[in-house]
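Reviewing the structure listed below.
This chain uses plain numbering: 1 for the first residue, then up along the sequence. Ligands are counted one by one from 1 in listed order, and the atoms in each one are counted from 1 as well. Basis for what follows: all heavy atoms, side chains included, without hydrogens, waters or symmetry-related copies. These numbers were taken from a predicted model, which means no experiment stands behind them.
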Amino acid sequence: MSKVKYYYDPDTLSYRKIEPKKSKKYRNIFLFLLGSALFGFLGLIILLNTSWVNTPKELSLEREVRNYELQYDILNRKMDQMEQVLANIEDRDNNIYRLYFEANPIPEEQRRAGFGGVNRYKDLEGFNNSEIIIDATKRLDIIQKEMVIQSKSLDEIAKLAEEKEKLLASIPAIQPVSNEDLTRMASGYGWRSDPFTKARKMHWGMDFTAPRGTPIYASGDGKVVRADNRSSGYGKHVRIDHGYGYISLYGHMSKYNVTVGQKVKRGDLIGFVGSTGRSQAPHVHYEVFKDGERINPINFYYGSLSAEEFENMLRLANQENQSLD
Ligand SMILES: [Zn+2]
């Protein structure tokens, strides 16, 4: 409300009210409204641009972002656990499984390798939270790759285990005559005197004496490659090829129980004790070949002898006596 103004009228000797002009009154009202509008508008702009006042929508979005951050934190902790478990499996893989099967350990760099070359995370760049999203994605990518490498390694181990089982079944590992049937282990591998000429001569196998007709057993899995008497001195003999470079030979048989080409398992009956060929008494002359060389069979009885029996055999085999050939 504008103030009421008066003036002195000398004619009437009294104060009279000054009546404002109508146009001026309207102009004042207009200016007042314009001022208010400008002030209100400026106020609104200031309000919207200050961070300490949020609209309800902003508040709700902010809550959501905080929730996402929390969830990311939880996901990251789960990844920590996964990485630990995976590292543990990898450690066992390198230092136990692969070691046991004589496979080279997988180098750390190969297991942990990220992805080089093009930037795979370009699409994730340029947002407020790009960094945590890219970090998490990178970690997951590496975990995924590590799992693929680990899985392949375990496939390889499974194959090696199968091979090893086959190898262990194949290598000659038992005595060709069972201990109950054995008269004695008569002569070992090494320099012995020849039963016929009495001269010192290399004896390339082991002699097991047993009564004529005593069963002779295959010392490992394999295939019969010979069952004949066409090899000088051995008489009726059987040779079994075990693979992996191993061949076993059983001499002086009285009778065969296998034919050439037949597959045998360790412990299968392949023939009977006799004294055919260059032999002085019924016995089995037993030889083991590795890659074509005749080696000492004494090292191949871990499948059938106790430690004590082995000690005893070792003592007998080392006596420099006369072989039965
Ligand atoms: Zn012999």
Side-chain angles (χ1 to χ4, degrees), residues 171-220 222 224-242 246-258 264 266-267 269-305 309-325:
I171 291 176
I174 62 168
Q175 238 173 240
V177 176
S178 84
N179 260 342
E180 299 89 75
D181 297 333
L182 195 65
T183 309
R184 68 190 194 98
M185 206 294 295
S187 184
Y189 174 99
W191 290 94
R192 300 288 181 270
S193 53
D194 185 286
F196 298 99
T197 65
K198 310 294 177 199
R200 255 168 71 87
K201 197 183 101 180
M202 186 61 195
H203 184 231
W204 292 107
M206 288 178 81
D207 293 340
F208 296 90
T209 50
R212 192 183 300 272
T214 299
I216 300 170
Y217 304 107
S219 56
V224 177
V225 286
R226 285 187 71 170
D228 60 69
N229 62 357
R230 294 192 306 275
S231 219
S232 132
Y234 293 123
K236 289 186 173 178
H237 78 298
V238 165
R239 291 185 203 210
I240 298 172
D241 188 344
H242 302 280
Y246 289 100
I247 287 176
S248 59
L249 180 154
Y250 316 75
H252 314 301
M253 288 181 168
S254 62
K255 219 176 118 192
Y256 308 113
N257 196 50
V258 286
V264 291
R266 178 178 294 148
L269 176 59
I270 56 169
F272 301 92
V273 172
S275 193
T276 54
R278 197 171 186 275
S279 165
Q280 216 191 31
H283 77 287
V284 184
H285 172 87
Y286 178 63
E287 287 182 8
V288 174
F289 292 75
K290 173 75 170 91
D291 300 324
E293 298 284 326
R294 287 180 287 190
I295 54 176
N296 194 344
I298 190 92
N299 300 314
F300 288 87
Y301 303 123
Y302 45 84
S304 59
L305 300 181
E309 285 168 334
F310 182 74
E311 282 294 315
N312 192 35
M313 179 185 276
L314 202 59
R315 191 174 49 78
L316 289 171
N318 284 333
Q319 284 174 1
E320 207 184 309
N321 55 6
Q322 181 179 298
S323 67
L324 295 169
D325 254 33

| task | For the residue pair W204 and Y189, categorise the inter-ring angle as parallel (less than 30°), tilted (30 to 60°) or perpendicular (more than 60°). | result |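 Judged by the thresholds at 30° and 60°, the geometry between W204 and Y189 is perpendicular.
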| Polar side-chain atom of H283 near backbone of D325 as donor-acceptor pair, under 3.5 Å |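 Pair found, side chain donor or acceptor close to backbone of D325.
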| query | Which atom, counting only N, O or S, brings H285 closest to the Zn ion (ligand 1)? | reply |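 Relative to the Zn ion (ligand 1), the closest nitrogen, oxygen or sulfur of H285 carries the name ND1.
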| field | D207 atom (N/O/S) at minimal separation from the Zn ion (ligand 1) | value |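 The atom in question is OD1.
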| task | Among residues two or more places apart or on two chains, list those pairs meeting salt bridge (Lys or Arg N to Asp or Glu O under 4.0 Å) that have a residue in residues 204-215. | result |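 Applying salt bridge (Lys or Arg N to Asp or Glu O under 4.0 Å) to every pair that reaches into residues 204-215, excluding sequence neighbours, yields nothing.
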| Do any N/O/S atoms of H203 come under 2.8 Å of the Zn ion (ligand 1)? |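 So H203 counts as coordinating the Zn ion (ligand 1), yes.
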| field | ring-ring contact (aromatic ring centres under 6.0 Å, His included) against Y246, all qualifying residues, sequence neighbours excluded | value |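 Here the qualifying residues are F300.
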